[in-house]
Amino acid sequence: MPLASTVAGFSVLPVSYTSSSSTHYIYARPHATSKKNATAISSSLPDGRTLFLVNVPPDATERELVLLFKAAGTVEKVVFDKDALVEPDDSDVSDEEEEEEEGTDDDEQPRKRRKLDKQRPPKVVPLPAAAIRRLRPTGRTAHVVFLDASSLTRALSPQNKPRLWPNSEEPFGLARYAALHAALRPPLDTVRTHADSAMELFEYELAQTKRASKYRKGEAIVDEDGFTLVTRGGAYGQTLGGGVAVASKQFQETGETSARNQNKNKSKNKKEKEGFYAFQKAEKQRNDLMELKKNWEADKAKVEKLKASRRFKPY
Amino acid sequence: MALNLKRKRDPDLHPRKTRKLSDDESDAGSQSDASDEHQDDEAWGGIASDQTPVAESANSGTKPKKPPTGEELRAINDAKDLFRSSTFKLQIDALLPNIRPKPGRIPPLDRFLQSLHGVLMGLSPVAPQHPLEAARKLLKKGVSVPYCLPQPTEDTNWKVAFETPSDITLVGSWANKISVKGKDGSKFGVDLAVEMPSHLFQEKDYLNARFFHKRAFYLASLAAGIQEAKNGLNVDVTYESASDDPRLTKLVLEPRKDDSLNDFTKLNARICIIPVLPTNSPIPIHRLSPSHANIRISGDADTSPAPTPLYNSALLTTLTPKTHLLSTFTLKEQTASFADALGLLRVWANQRGYGQGTRMCVRGFDSLGAWWSALLGFLVFGQEPSGTSSKRKPLGKGLSSYQLFRAALDFLAKHDFQEAVFHKSKEGHKFPPDQYQAHHQAVFVDASSTVNLLSGVPVGSLQSLQHDARKTLEKLDDAPTGSDPFTNVFLNEQRDLVTRFDTVIRVDMSSAKPRASSLHSTLDFGSPVNALISSMDNLLRQGLGNRTKAITFLHPSPSTRPLSQALPTNPNVLYIGLIHDSQHAFRLVDHGPAADETDTTIGQRFRDFWGDKAELRRFKDGRIIESVVWDIKSTDERAQVPAMIVRYILQRHFGLEDAAAVQTWQSGFDEVVRLPESVSRVYTSSGATVGFRGAMLAFDELARNLKALNKDLPLSVANVSPTSEYLRYTSVFNPVPLPPSLAPSLPQNARYIPAMEVVLQFEKSAKWPDELRAIQKIKLAFFERVANALMLAVPGLTASVVVGDGVTASDIQDTARLEVVTTDGWAFSVRIWHDREATLLDRLIAGNNVLPHVNKPAEKKKGQEYQEAVDAKEVYLRNFIHAPRHHRAIAMLNHRFAAYSSTVRLVKRWLASHWVLHGHVSEEAVEILCASFFVGDGRDLNVEPDQQGTERASVPGSKERGFASVVEFLKDWKWENGLFVPLYGAVVDGADPLTATSAGVWRISTEADREGRIWTTHGPDVMVAHRIRALAMATWAHLHGIEEEGRFDVKSIFIHPTQDYDFVIGMNPAVLPRYAQNIDSSLAASKYANLAREDSTWIPRAGFDPARLLYDDLKRVYADTFKIFCDPFGGNRFGAVWDPTLKQARPFRVLGGFSSMPVDKEKDKSKDKGLVILNEAGILGEIERMGSGIVSDITVRK
């Protein structure tokens, strides 16, 4: 292998596909948590036994990566494209079948803790998830979490021959498209149960937030120092939700509710002033003439420019 | 005799030229050169004298702070008031010097004319002799005499002779200094009228072309004299005949380059010697009125001979040059702007082929120079009252050049050329006015009231002139939104047949055998070909009737011929251009006289004209009428009816049966937007309702069914609006359903069911959740209800809910659809539009969705959520705001303009076959682009079609012309400037502009989309835009080929060259359900027909096209690695180009965004920076994997 075995601190893992002789290169490195988002993902990507992969094949599946590193050890989980993981507690119980793969249980955890004493939230019945290979943009990253820290070094050990890329059972190409076509059209009753349960969850959450919110219409919000929150509202100080409201500044000052009326007034006022004094008239006349000349000069310059580019030879 | 030269002009104004010509030859030496040139400058500068104060003001006005002086102000205001705008005036001023002869180059010509005068006056006379004998003598000198028909015979008893001219005068435009440069570098014509002595002629010479024979001999003798070497005139002498009429032959002298004092090659001029009759000639003028018959054919002495108007008019033209000179001179004196206006008018005309040039020239206009100045004269001086009409008032003499030009266009655009025009003349009418009407097709009698300047000009040419004038006026009148019209009016060449005429027909006349040829008309017209063209014109006009606005004949302008060739060679190839009147052009039945017509000759004539096409038919209203029915096989063929008629008439009346003799290209274009024969046969035999009508009916039924569901749904359906190109007549192919019963008989690769998009709107309700994710879920619930209810209501219909597109992971974006496949096999894809989404998305984008009244620091969170919201908003705007509106506007255009939808289809097909449609150029962008050629400035879009007077002249009347216009536009379009198309004809409240950044560079804006990005955000980008321009150029060059080489082969325009791609991915046609739509349809279907029967387990999948899915995937996955192109219509290859910046090794980055491989260590020993390079082989391997089952091979360019 004349190729470098490491590039910028990454070990190079050549992989070859069965179908062709071409070789794909994956770059691997032990995962190190950066300080910035340490809190967010440290739990899901433990240091020491997580392998960071760059340039994963675009059609790689979790199963295939597991199989690829089988020789090094057992893989606990595979996470594609770290971004998807940045806000794990933000994503509601997933609605798209793709996110279903990532496990509903993980997402349930924080919410359960939050509303410990409340009734359990309704669970969304997922749409049937078919095994569809997801195509990601090329050159993306993935994290492979091993069960055991020792697997990491084994996975990173240099090798002479390109590894054979394993194939999982998800279909490729034409078969994949056919399967995708079918999977996107689930039976109607599942759609119904899914939609109904999702709506139930939504209603539930709505109720939760309402209860949790400190803003209620018509109720004053008083903070711990005893200050009452006063906010500007619509025209009559009534249109908005919480706190004590006062009318908008514009309404207070002008008594006009919409901006349109005001514009009308403004233009009316202006018109009256125009040409009132003799000097205004003279000035205006002069300006008009200047403007005229300026346009004329501009036109002339334009034509001169065109002339310079020999535009005026008709043939 | 020399004094005569002086008499013709005002000595005070032009002292120089007269002096020089009248002086002795010795005087014309070099001593006065310097002063001559100086005078020249002044003289020529004088033409554009009105621009001098302006120029001065420009110099003085260096300090913009100072208000303009009174003089400047006047110049500025004049420019604004008398011209279209000040820019227009300045542009005209810049144009005019370019079309005039360069003053510094004139003196050599003057010296040459001087010596020519000497030579001509010194020619030795030839004694009278028999014409044939004289011709034989001259032939020995290499000069043949251009005797016209009827040729003199051995037993003629009159003689020809030559004597020195009685007078030589400079006439025509040169003498008046109003010459205008010709097109294609053709030379300024310096007309020299050489007066033949009157005693050479006799009174009866007007009979049987005797005068023309004498004239011909005189001309030949002049030629022989000039040619003689000892005269020292270093010129090429040739013959040229105006309109290829041998009677109007003149001598053309062109200088050879020898750098002598007389060498005027630099001036780019030529001298035309025209023999003229003296005013005191013995030939009686009254014998030459249009109704006189002056050709007596031996044998029919008993019957009264038919009048010979053209012959008479040709004879009369030899009398007029001097009177024209005088009248034009008066006009020039009285109207300051005449010369400039004439310049503008002639540039305008030359750009449109009404004048000489190397390309096709409109018949009759090749030597009509005198007419243009007579036209302006007519406008200024007014009309000689002729009894019937005297409405026209003369124009003022103080008009500006632009105003005069416009007035001329206005006259051309509005005048009915059936009506005679008489220029004001001093002596009143010479001949009775109605005689002209009776014997000429178009009448414009000159100032001397002797000659009809338009004699021999076919009416069709004038109609075409009229049409062009209308087009130009429209351009000038267009609202200021349009681009500067100056370029279009004066600077751009508009001679291309393909963009000018709706139907272009190439006729090879060499084998034409007119059914009714008459010797008399041949003699009257001067040559058999002229007679043939004239009768073609008559018959075609009769046959086409009101179907066309103009029938134009075009042929190369007459060329010079050597002196040894007596008669002009007539062009064999003729182009006929038709401009359709879209109201009538595509009528299928022509009515003739009724069967009970008392006058049997009328019916007889009708039958004679149409031959066996004429049939007696009984119509619904009980009338029994002779009629002609044009059979068409499909609605597309309807557009071919005018061409069919021309073909038929040429075949019947001129024996042009051969396919090569009459060529058009409609069928070639029709073919590319038609499904292959094998597929369409299945549909015709099944009797299913196909095509746009079928699709519309299916949609209407679906809409009705949906609205009937109201009791099953919590909200009632408010609106069902289509947004699919299949439902607005603009899809490339006629839409076809795919009922399960028909599927087995169709080849497998013709089983594509397009899903037609429909937007569903429910009544407004407050019950919708106020949260985006929940809205998407509610939509699913709605779909489920609708699907179940629909399936219950309509047996045989299948409906399924599509929960996403498999790509978009965003849960706030509208991805859910309802897919409906009707009983007949039409597929629809329904989306729900809920307008609250826009507000919610806006809040997300603005980032203040938490509590609007809490004063938060306005920090913009551009995280994932923001990006998702922006994308979702874009999709929302496009699908729900713009698409339905666009659909309505386009569907309306289709009803308004007959050729619009087929133009769009053709352009789409063209772009698709070059692999840019859909992937890079959206269908809607193409539709708007094409619409720009139809809507003009959008003023009359809101007028009801019935109330509308006339259609805009610039609207293409056939898809071929529309297509050519689009190609021409694309080849020059500077997309940075954008394109505004007033598609809606009125101001509509535009939706919010897109927030997303755009990769596309095209900007096509409408009233609803001022930014012009909505349909071009995703391309074409700079590279693709350049590619399209290059393609348009190549296509344009090919279209040009029909003019130059008579190539009517269209298919090659649609064949895409693939050698530019870095790699080409081939696909297995058997798995492509759209393969039957491939441009190369010969290999579709038939080859794989047997495969179809094998698979019985075919399931209908609406909108399922693996090639497109794979294309979209590859495009998305490798967005930054390569650009990929494909033909959405059954293309079986993808082409791709690597991003050139990835070709170099670059340092390794974690998020490099492309598949890389480490660079070879050996090569790069010195510095190990961890360079990586694009892993091309690896990527190709991945593509093969991802496309397994579809991709058959990948060819990499070496």
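Naming convention: chains lettered A, B, ... in sequence-line order (proteins, then strands); numbering from 1 in each chain.
Considering all non-hydrogen atoms of both residues, B:Gly357 and B:Arg495 come closest at CA-NH1, 4.1 Å. A:Asn55 and A:Gly139 make their closest contact through OD1-CA, 3.5 Å (heavy atoms, listed as atom of the first residue, atom of the second, distance).
When each of B:Val1191, B:Asn492, B:Leu1110 is scored by its heavy-atom pairs under 4.5 Å with chain A, the top score falls to B:Leu1110. For the options B:Ile778, B:Asp770, B:Ile1190, B:Val1117, heavy-atom pairs under 4.5 Å to chain A are most numerous at B:Val1117. Top candidate by heavy-atom pairs under 4.5 Å with chain A, chosen from B:Gly1178, B:Gly1189, B:Ser1155, is B:Ser1155. Between chain A and the residues B:Asn350, B:Leu1109, B:Asp1120, the largest count of heavy-atom pairs under 4.5 Å involves B:Leu1109. For chain A, the option among B:Pro1106, B:Ser86, B:Pro769 with the highest count of heavy-atom pairs below 4.5 Å is B:Ser86. Contact tally against chain B (heavy-atom pairs below 4.5 Å) for A:Ala178, A:Ala182, A:Pro57: the top residue is A:Ala178.
Of the two parts of B:Phe1154, only the backbone, made up of N, CA, C and O, holds a non-hydrogen atom closer than 4.5 Å to a non-hydrogen atom of chain A. Of the two parts of B:Met791, only the side chain, counted from C-beta on, holds a non-hydrogen atom closer than 4.5 Å to a non-hydrogen atom of chain A. Looking at B:Asn77, the atoms closer than 4.5 Å to chain A (heavy atoms on both sides) all sit in the side chain, from C-beta outward. With a threshold of 4.5 angstrom between heavy atoms, B:Ile1179 does not approach chain A through any atom at all. If you measure heavy-atom distances from B:Glu819 to chain A, the contacts under 4.5 Å come from the side chain alone. Heavy atoms of A:Arg29 lying under 4.5 Å from chain B are absent altogether. Contacts of B:Ala774 with chain A are made by both backbone and side-chain atoms, with heavy-atom separations under 4.5 Å. For B:Val1172, the part sitting under 4.5 Å from any heavy atom of chain A is the side chain, from C-beta outward, and nothing else. Residue contact with chain B, scored on non-hydrogen atoms closer than 4.5 Å, involves the backbone and the side chain of A:His24 alike. In this structure, the portion of B:Ala1102 lying under 4.5 Å from any heavy atom of chain A is its backbone and not its side chain. Within the 4.5 angstrom heavy-atom criterion, only side-chain atoms of B:Thr1121, from C-beta onward, approach chain A. When heavy atoms are compared at a cutoff of 4.5 Å, B:Lys779 does not approach chain A at all.
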Worksheet item: Where do B:Lys777 and B:Glu771 land on the salt bridge (charged side-chain N to carboxylate O under 4.0 Å, His left out) test, with the steps shown first?
Response: CA-CA 10 Å; B:Lys777 294 298 160 194; B:Glu771 209 264 341; over 6 Å; no

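In this structure, A:Arg136 satisfies the cation-pi test against A:Phe80, with its NZ or CZ atom closer than 6.0 Å to the six-membered ring centre and inside 45 degrees of the ring normal.
Take A:Phe172 and apply the ring pair (Phe, Tyr, Trp, His ring centres under 6.0 Å) test, not counting sequence neighbours, and it matches no residue. Take A:Tyr177 and apply the ring pair (Phe, Tyr, Trp, His ring centres under 6.0 Å) test, not counting sequence neighbours, and it matches no residue.
Note on A:Lys284 versus A:Glu291: no salt bridge recorded, every NZ/NE/NH1/NH2 to OD/OE distance being 4.0 Å or above. Using a 4.0 Å cut-off between charged nitrogen and carboxylate oxygen, B:Asp1113 and A:Arg176 count as a salt-bridge pair.
Aromatic pair B:Phe88/B:Phe486: ring centres closer than 6.0 Å.
Using modelled atom types and a 3.5 Å distance limit, the side chains of B:Asn788 and B:Glu784 yield a donor-acceptor pair.
For the pair B:Asp184 (side chain) and B:Ser186 (backbone), a donor-acceptor distance under 3.5 Å is absent.
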